[in-house]
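Side chains are part of it too, since the values below use all heavy atoms of this structure and drop only hydrogens, waters and symmetry mates. All chains are named by letter (A, B, ...) in the order of the sequence lines, taking the proteins before the strands, and each is independently numbered beginning at 1.
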Amino acid sequence: MRFDGDSLPDMTGQPASSSNQPRVRFAPSPTGYLHVGGARTALFNWLFARRFGGIMILRIEDTDAERNKPELVTGILEGLKWLGVDWDEGPFYQSQRTELYQNSAKKLLASGAAFLCYCPPEKYVGGDHAEEGAEGTKVRRVVRCSCRDGKPSTPGVKPAIRFKVPVGGKTKFFDAVFGEREFSNDEIEDFVLVRSGKDGAEFGQAMYQMSVVVDDVDMRITHVIRGADHISNTPKQVLLYEALGATPPVFAHVPLILGADKSRLSKRHGATDVNMYRIEGFLPEAFRNFLALLGWAPGGDEQFLRTSELLEKFSLEGVSHTNAVFDRPKLEWFNTQFLQKLPIEELLPQVEAELKSSGLWKAEWASGAGHEWFSKTVDLLRPRVRLLPDFSSWSRAFFSDEFSYEQAAKDKFWKDPKVPDLLSSTADALAALPEWNHDACDHATRAVAEAGGVKAGLLINAIRVAIVGQAVAPPLFDTMVVLGQERVVRRLRAALKEFAPA
RNA sequence: GCCGCUAUGGUGCAACGGUUAGCACGUAGCCCUUUCAAGGCUAAAAUACGGGUUCGAUUCCCGUUAGCGGUACCA
C-alpha cells in the first residue's frame with residue numbers, strides 16, 4: 001500500500017537489485033495504541049528501507065487472543081499514515097498464519113529441537129526470577145523440566161510445544177548498533193513456541209518467538225530494526241533460526257524512549273499515543289524530525305532536517321546506544337520551526353484542512369485571488385502560531401467576522417478615556433483613504449494619533465484590539481492590509497459599541 | 001536476585017586517543033520593537049565515581065554506583 005503523504009520526498013528511488021535488496025518490517029501488536037516509541041521504530045525502519053531502496057513490510061502481531069484488540073489496528077494504521085510511514089507489503093496478520101507456525105513447530109518437534117511440555121504454566125511462570133536459596137541468598141534457576149527428556153510430567157493434559165535450549169554453549173549474533181553480542185545458553189529458559197490447545201484443538205496459537213522468526217524467514221527480512229527491549233529475546237530467536245536451518249538477519253536494536261524522569265514512558269508523562277499529536281495539530285514532518293533525532297544523529301550539529309534530508313543521511317551507524325528522554329518543549333520548537341520555514345505552498349493544505357474541520361473554510365480561498373489572499377494571510381500569521389488549531393482559534397478574526405473581544409486585551413489597551421474618540425477618528429480617516437496599503441494605513445493612523453495628542457503606540461494597540469479582538473496579533477498595518485479597508489472600518493465602528501455605557 | 005544494555009550541561013545530540021569539550025532545546029539577561037512571537041547577542045550549565053593502559057584519555061580496559069531492559073502458554 002502506498003498513499004500520498006504530506007510533503008514526502010520523491011520516492012521513486014532506484015529499484016535496487018532484488019538480490020541484496022533490504023527487507024525490513026514494522027510489527028506492532030494491537031494490544032495498545034501506536035506509542036511514540038513504536039512510531040520511532042517504524043520511522044527508522046521506513047527511513048532505512050527508503051534510503052537503501054528496500055522493501056517495507058507491515059505485520060500485525062496479534063497472536064495473543066486474550067489481550068488483542070482488533071479495533072486498535074485502525075488507530076495504528078492511522079498513526080503511521082499521519083507520520084508518513086508507508087509500506088510495500090502487508091499488513092499481514094499473524095492470527096491468520098497459525099498453520100504456518102504450527103507446521104514449523106512440528107518440524108522442530110520431529111527434529112528434536114523442540115519438545116511437548118505437559119507442565120502447568122505456573123511451573124514456568126516466574127521460574128526465571130530469583131528464589132530463596134540457602135542462608136537467605138537469592139539464587140537463579142532456569143527451569144528444565146522432565147518433559148524435555150521425553151518424560152511427560154503430567155501426562156493426559158494438552159501439551160504446549162517448547163524449544164529445547166541446548167545445554168551449555170553460547171549463542172551469538174551481530175547487532176548493527178551494539179556490535180557482536182553473545183549470551184550463555186544456560187541463561188535461556190525452554191520457551192514456549194506454541195500454546196497448548198483448547199476446546200479440542202491439538203495446539204493453540206504460536207507465541208511471539210515462534211511467529212516472529214517464522215515470519216521473518218518467510219518474508220525474507222534482512223534487517224530487524226526494533227526496540228532494545230528485544231535484545232534479550234534475540235538469542236532465543238537466533239537459536240530458532242538455526243534449528244529451522246535459516247540464516248539470522250542483521251539485528252539493529254534501537255534505544256528506548258523514556259519519560260522526563262527517565263522512567264519508562266507512560267500516560268503520566270503526558271501523551272504517548274502518536275494520534276494525540278496529530279489531534280493536537282503538530283505538523284507530521286516536524287514530529288518526524290523530532291522523533292528521528294531521538295536516538296539517532298546524522299553525525300554533525302545539524303538538526304533542522306527536512307524529511308528528504310533525513311532520507312539522505314539516515315544510517316544504522318548513527319543510532320545511539322543510550323535511551324532518550326521524550327522532551328516535549330523541543331518537539332514544540334521543531335513544530336514552530338517548520339511552521340515558519342516550510343514553503344508556504346506546503347503549509348497551506350494543512351491550514352486548509354484545519355479550517356475545514358473548524359468550519360471556517362471558504363471555498364473562494366481555494367484558487368485565484370482568494371488563494372492569494374489566503375496564502376498571504378497564512379504567511380502573516382504563521383510566525384506566531386504554535387499548533388495548527390491556532391489558525392482556527394487564535395487567528396479566528398482573520399478568517400471570520402464572528403469573533404469576540406478578549407477582556408484582558410480591552411483592560412490593557414482601552415484604558416485611556418480618549419480611545420473611543422480616537423478609534424472613531426481613525427475609522428473616518430481610514431475610510432477616506434483612496435488607496436489601501438501598509439504605508440497609507442500607517443500614515444493615516446499616526447496622523448490621528450498626533451492630532452489626538454497621544455503616542456502612536458497607544459492608538460496602534462487600541463486599534464489592534466478593535467479589529468481582531470485580542471492583544472496579540474501580527475503587526476497592525478499588515479493586519480489591516482490583509483483584512484481589507486471595508487472590514488477594518490466596519491470593525492472600528494463596531495468596536496465603539498463596546499464603550500457604550502451599559 | 002540473576003542476565004543484559006547504557007552512562008558528555010536539566011534535555012536531545014557532536015567530539016569515534018591530542019579541541020579553550022561543539023551545536024540545539026530549555027533557563028537568565030540584553031538588543032530589536034506596535035502587542036506577542038520570531039530573530040540577533042551574551043551568560044550560567046556536562047565528560048557519574050574509582051582504578052588502570054598510554055607521552056596523552058570524554059574516547060580503550062576493569063570495578064563501583066545509578067538508570068533502563070529482560071527474566072510469561074505477553075509482544
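- A cation-pi arrangement is absent between A:Arg328 and A:Phe326 under the rule of less than 6.0 angstrom and at most 45 degrees off the ring axis.
- The side chain of A:Phe477 lies closest to B:U34, out of B:C23, B:A24, B:U34.
- A sub-4.0 Å separation between OP1 or OP2 of B:A75 and a side-chain N or O of A:Arg195 is present.
- Base engagement by A:Ala471 is indicated by at least one non-hydrogen atom pair under 4.0 Å involving a base atom.
- Ring geometry for A:Tyr241 versus A:Phe251: interplanar angle over 60°, hence perpendicular rather than tilted (30 to 60°).
- Pair check for B:C2 finds B:G70; Watson-Crick or G-U wobble, both atom distances under 3.5 Å.
- Annotation: B:A66 and B:C73 have their C1' atoms spaced 35 Å apart (nearest Å).
- At a threshold of 4.0 angstrom between heavy atoms, the contacts of A:Pro28 with the nucleic acid are absent.
- Using a 4.0 Å heavy-atom criterion, one finds that A:Ala297 contacts the sugar-phosphate atoms exclusively.
- Under the Watson-Crick or G-U wobble criterion, with both distances below 3.5 Å, B:U11 is paired with B:A24.
- Taking atom P on both nucleotides, B:A21 is separated from B:C30 by 30 Å, rounded to a whole Å.
- Pairing of B:G18, defined by two Watson-Crick or G-U wobble distances under 3.5 Å, is identified with B:C55.
- Contact annotation for A:Leu256: backbone-only contact, meaning every heavy-atom pair under 4.0 Å involves sugar-phosphate atoms and none involves a base.
- Side-chain atoms of A:Ser196 come within donor-acceptor range of the base of B:C73, with a qualifying N/O pair under 3.5 Å.
- Checking B:C41 for Watson-Crick or G-U wobble geometry (two distances, each under 3.5 Å) identifies B:G29 as its partner.
- Contacts of A:Thr63 with the nucleic acid, taken as non-hydrogen atoms under 4.0 Å apart, involve only primed sugar atoms and P, OP1 or OP2.
- Of the candidate nucleotides B:A24, B:A14, B:U34, B:U34 has the atom lying nearest to any side-chain atom of A:Arg464.
- With a cut-off of 3.5 Å on both Watson-Crick or G-U wobble distances, the partner of B:C49 is given as B:G63.
- Ring to ring, A:Phe44 and A:Phe314 are close: their centroids are under 6.0 angstrom apart.
- Between A:Trp414 and A:Tyr405, the two ring planes are tilted [angle within 30° to 60°].
- Here A:His321 reaches the OP1 or OP2 of B:U6: one of its side-chain N or O atoms lies under 4.0 Å away.
- With both ends at atom C1', the span from B:A38 to B:C31 equals 14 Å, rounded to whole Å.
- Tested against A:Tyr277, the residues A:Phe282, A:Phe334, A:Phe290 include a single ring-ring contact (aromatic ring centres under 6.0 Å, His included) partner, A:Phe282.
- With C1' as the reference atom, B:A14 and B:A24 are 11 Å apart, rounded to whole Å.
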